[in-house]
Each structure stands twice: as C-alpha cells, then as structure tokens.
Colleague: 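First, the structure itself, so that you have it in front of you.
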Amino acid sequence: MKTYDADLIIVGGGLVGAALALALKNTTLDVILLEGRAPQLDWPLDTWDQRVYAISRASRRLLNEIGAWPRMRVERLTPISAMKIAGDAPHSRLEFAALESGVDELAFIIENRELQRALWLALDDCSNVRVMTSVTASALQIDYDAATLTLADGHQLSAKLIIGADGANSWVRQQLAIPSSAKSYEQYGVVANFACEKPHYGVAQQWFMPDGILAWLPLPNQQMSMVWSCSEDRRNELLTLSADELAKQVAQAGQSRLGQLSVVTPAAAFPLKLTQVADIARSRVALVGDAAHTVHPLAGQGVNLGFGDVAELAKVLASVHPDRIGDALVLRRYELARRESVLLMQTVCDGLQVLFNNHNPILKSLRNIGLTMTDSLPWIKRQLIRHAMDS
Ligand SMILES: Cc1cc2nc3c(=O)[nH]c(=O)nc-3n(C[C@H](O)[C@H](O)[C@H](O)COP(=O)(O)OP(=O)(O)OC[C@H]3O[C@@H](n4cnc5c(N)ncnc54)[C@H](O)[C@@H]3O)c2cc1C
C-alpha cells in the first residue's frame, strides 16, 4: 500500500492557505503547510500596515469558526457602519448604512498582518498541521496515486493532494501549465494610511473619478487607509510626493471630508489585474485564493473570495473518505460550487471598472444616473448589501 508524507500539502501560507489549514483542523487529515517566507508576528503597536482588507460578514463567520477571529486584537478592528459612494458627476451618489439592513456593521476593516498573525497563532493549536517555513519547492510531479513535491534541498514530500494557495503568480499553477488569462487593468492600487483631522464615524467612502477610483477605509484612532486605483503616471507621482504633499493631494481628492490629513504609513503600490483560471481543480490538485482568481479591488472582495474557496473546499474534503481527497470527481465538486460566485464577482468588478474608466459622455451620464437611481431604490440596495455582506 502506498505511503504518503501527508494527506495534503498546502503550498503558500498567506491568508487563504493558512485559513484552509485551520479549516481542516477537525478532520483526520494530516496536513503540511509550506510557506516560503516566515510571516511577521510582532511589530510596534503604534505602527500600521498599509495593506488592509474589508472583511465581509461571511468571512468573519469562517474566521470565527476556525479560531482566528478571537485572536484578533479588538483595538485593531474597525466596523464599517456605512458606505458612501460618489460618481463623477455632481450629486451622483449611492449610500449604504448597516442599520438599513438591520445589522451592526457592513464589514470590518483589518490590517493584513493582524489577520495573518491571528491565523498563524491559531495554527499553533492544530495538532494535524505541520508548518514548514523558509522552504522553496523546485518541482512538482502528479501521478495517478500521488503528488510529489521536490524541495530546493532535494528532499521529496508526497501527498494525496496538493493545494496551490501561492498567490496571483501561482507556482503550482505554472508547474502544471494550467491555462489562465490575465488582463492587466493598467492601473495600480496605491495604498497609504493617514491620521485625520475629523472623525470618520466608521464610514467608508469611495469616489469614482475620471482618472481612477479612490477609497478611504476607516481605521482605529481617527485614522484611515487609502486605496487609490490609478494610472501608472499617477502612481509614479503619488509615490514620489513628500509626505505633506501626498496628504494634501489625498485630502483634496476626497473633498477634505475628513479635514486635513497627515501620513501615518507611506505609500506603496500594487499592479491590478483580472486573472481567470480554466480549471481550479484537477486530479490531485486544487487552487484557492489568488492562485485561482484575482479581481479589481474596487469592491474589496479578493480575499473574501479566497475565504469562500476555503469554506467550500474544506466542506468537500471533510465529506469524503481520506483516501479519496485527491480524486478528480471529488475536487470537481469544489470547482463547480465556486464557479458561479467567482465569475459573478469578477464580472461585476470588471464591468464597474470598465464603465467608470471611460470618457464617453453617454456612458458617463448613464453610470451616474445608475448610481443615483440605485440609491433611491431601497429594495435593490438591500439586495446589494446582503450580497456583499454574505458572499
Ligand atoms: C491594493 C489592493 C487592495 C485590496 N483590498 C482588498 C480588500 O479590501 N478586501 C479583500 O477581500 N481583498 C483585497 N485585496 C485582495 C487581496 O489582497 C488578495 O486577494 C489576498 O491577499 C490573496 O491572498 P492569498 O493567500 O490567496 O495570496 P497571497 O497573499 O499572495 O499569499 C500567497 C503566499 O504564498 C507564498 N508562496 C508563493 N509561492 C510560494 C512557493 N512556491 N512556495 C511556498 N510559498 C509560496 C507567499 O510567500 C505568500 O505568503 C486587495 C488587493 C490589492 C492589490
């Protein structure tokens, strides 16, 4: 009988890979989590990560179930009480409030490293997960009864199933030549944190502007995190401004709604692209998180989609005999269950990006009328809120 080093090996211990390992903790599966870089778990508490996420209520439920949410420090979390969206014509707007939907918050804003820390602390309590850090895989071979990883030091690890949780440029996906298409938005997400003169009251704000999309997300201590999706030229300009000039330009772009700003965490930029992957599951392999899909960050849904993958894949794997976890037919159930939600989110985000990144005057008036009309239709608004919160 074939012996394995583990039932499954997860390549990539980012937010999604670590969450999947945790989601398998109540199974009999023996898991190896392999991460190239050891994550940072400690930092001075007066510093703030400029990578932040809007975590949906569905993701929060998952993080709670897998034991990560209770490890998050409440003083680093900000509930979003309302969301204000402005178009690129005067008075075009769309507003959502948590109370309208009978909930306490629409989502939570959380720093990347705080979430990563909570997940990795929770992993300490998982007796069925072995974590290997600072390890590089150099080859992957798939056979009918096993997947075998060769590490850079020549060591080999075999398992019934390999999970690619290794981000947008997935090494696992490339090793297996799984077809994918990447559409560059020719935009960058420029992120930075600011202290604000006026309180934000937990309100997230977003402006669809002729030259990009600006979002202000509330952070604790009267601070906010900016995500400015903009052209390469604008990115170059923002990254080279002095701290004072950056704060001034960002305040101006947001009509000084939070008064004067001052930089807390300097700007960094990430290229934005839409990635669509032909099959996220094959015999002995499955992809999760950004390895399986990327979306424009305008709706703040990327990692939430990844947590959706985790919930579904963990459910499928827990429902079959451990010997069958690598079967193509089993993994196909995971793929089918995720297809619709992922495609819907990619289509909506891509459509909005295309609609607002367009100078055609007819489209401009249509998109602004659309925003304001949606604002006046409470039923449609409630459906949109429910979908965003619970997907
Ligand atoms: C500007 C911007 C703003 C965003 N805002 C939001 C938001 O508000 N809400 C939201 O839901 N999403 C948001 N996203 C999307 C979110 O950042 C991603 O969806 C999420 O980080 C993906 O997590 P992941 O674990 O799949 O991949 P990654 O975070 O890329 O993690 C992959 C991990 O795999 C490891 N790795 C890679 N290759 C190997 C290898 N060969 N061997 C071992 N380890 C390996 C890496 O070291 C890394 O730790 C935003 C994205 C951008 C660019």
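What you see is a predicted model, and the numbers here were worked out from it, not measured in a lab. Excluded from the calculations below are hydrogen atoms, water molecules and symmetry mates; all remaining heavy atoms, backbone and side chain alike, are included.
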Colleague: Calculate, to the nearest 0.5 Å, the distance between atoms CD and CG belonging to Gln187 and Leu298 respectively.
Modeller: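 Here the rounded value is 9.0 Å.
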Colleague: For the OG atom of Ser170 and the CG atom of Leu176, what is their distance to the nearest 0.5 Å?
Modeller: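 Reported to 0.5 Å precision, the distance equals 8.5 Å.
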Colleague: Going by the rule side chain to side chain donor-acceptor pair (under 3.5 Å), which residues pair with Lys198 if we only count those two or more places apart in sequence or in a different chain?
Modeller: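 Expected list: none.
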Colleague: Counting distance only, does the side-chain N/O of Tyr53 pair as donor-acceptor with the main-chain N or O of Asn304 below 3.5 Å?
Modeller: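 No; zero donor-acceptor contacts below 3.5 Å.
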Colleague: Looking at Arg57 and Glu105, does any basic side-chain N land under 4.0 Å from a carboxylate oxygen?
Modeller: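 Salt bridge between Arg57 and Glu105, a charged N being under 4.0 Å from a carboxylate O: yes.
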Colleague: Should we say atom NZ of Lys25 is surrounded by more than 12 heavy atoms from elsewhere, each under 6.0 Å from it?
Modeller: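 Yes.
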Colleague: Any side-chain heavy atom of Trp69 sitting closer than 4.5 Å to one from Ile55?
Modeller: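 Yes. Closest side-chain heavy atoms under 4.5 Å.
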Colleague: Hydrophobic cluster mates of Leu274, side-chain heavy atoms under 4.5 angstrom, ILVMFWY only, any path?
Modeller: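 For the cluster that includes Leu274, the remaining residues are Tyr185, Leu272.
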Colleague: Is the number of heavy atoms from other residues, nucleotides or ligands within 6.0 Å of CD (Glu75) greater than 12?
Modeller: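 It does: Glu75 CD has more than 12 such atoms within range.
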Colleague: Is the shortest heavy-atom distance from the side chain of Arg130 to the side chain of Asp30 under 4.5 Å?
Modeller: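 Side chain of Arg130 against side chain of Asp30, heavy atoms only: contact under 4.5 Å found.
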Colleague: Report yes or no: do Leu305 and Val288 belong to one cluster of Ile/Leu/Val/Met/Phe/Trp/Tyr joined by side chain heavy-atom distances under 4.5 Å?
Modeller: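 Per the 4.5 Å side-chain linkage, Leu305 and Val288 are not co-clustered.
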Colleague: I'd like to know whether CD of Glu245 has more than 12 heavy-atom contacts from other residues, nucleotides or ligands below 6.0 angstrom.
Modeller: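 Result for CD/Glu245: enclosed.
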Colleague: If the test is side chain to side chain contact (heavy atoms under 4.5 Å, CB included), which one of Leu161, Val129, Leu8 qualifies with Leu29?
Modeller: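 Single side chain to side chain contact (heavy atoms under 4.5 Å, CB included) partner of Leu29 among Leu161, Val129, Leu8: Leu8.
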Colleague: Is there a side-chain contact between Val295 and Val342 in this structure, where contact means two heavy atoms from C-beta onward sitting under 4.5 Å apart?
Modeller: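 Side-chain contact under 4.5 Å: no.
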Colleague: Testing the 3.5 Å rule here: is there a donor-acceptor pair between the side chains of Thr133 and Glu35?
Modeller: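 Side-chain D/A pair, Thr133 to Glu35: absent.
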Colleague: Evaluate the side-chain hydrogen bond (donor to acceptor under 3.5 Å, both in side chains) criterion for residues Arg113 and Thr47: first the C-alpha distance (whole Å), next the side-chain angles of each, then the deciding distance (0.1 Å), finally the verdict.
Modeller: CA-CA 11 Å; Arg113 64 185 181 189; Thr47 63; 2.9 Å; yes
Colleague: Who passes side chain to side chain contact (heavy atoms under 4.5 Å, CB included) against Leu99, sequence neighbours left out?
Modeller: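 Result, side chain to side chain contact (heavy atoms under 4.5 Å, CB included) vs Leu99: none returned.
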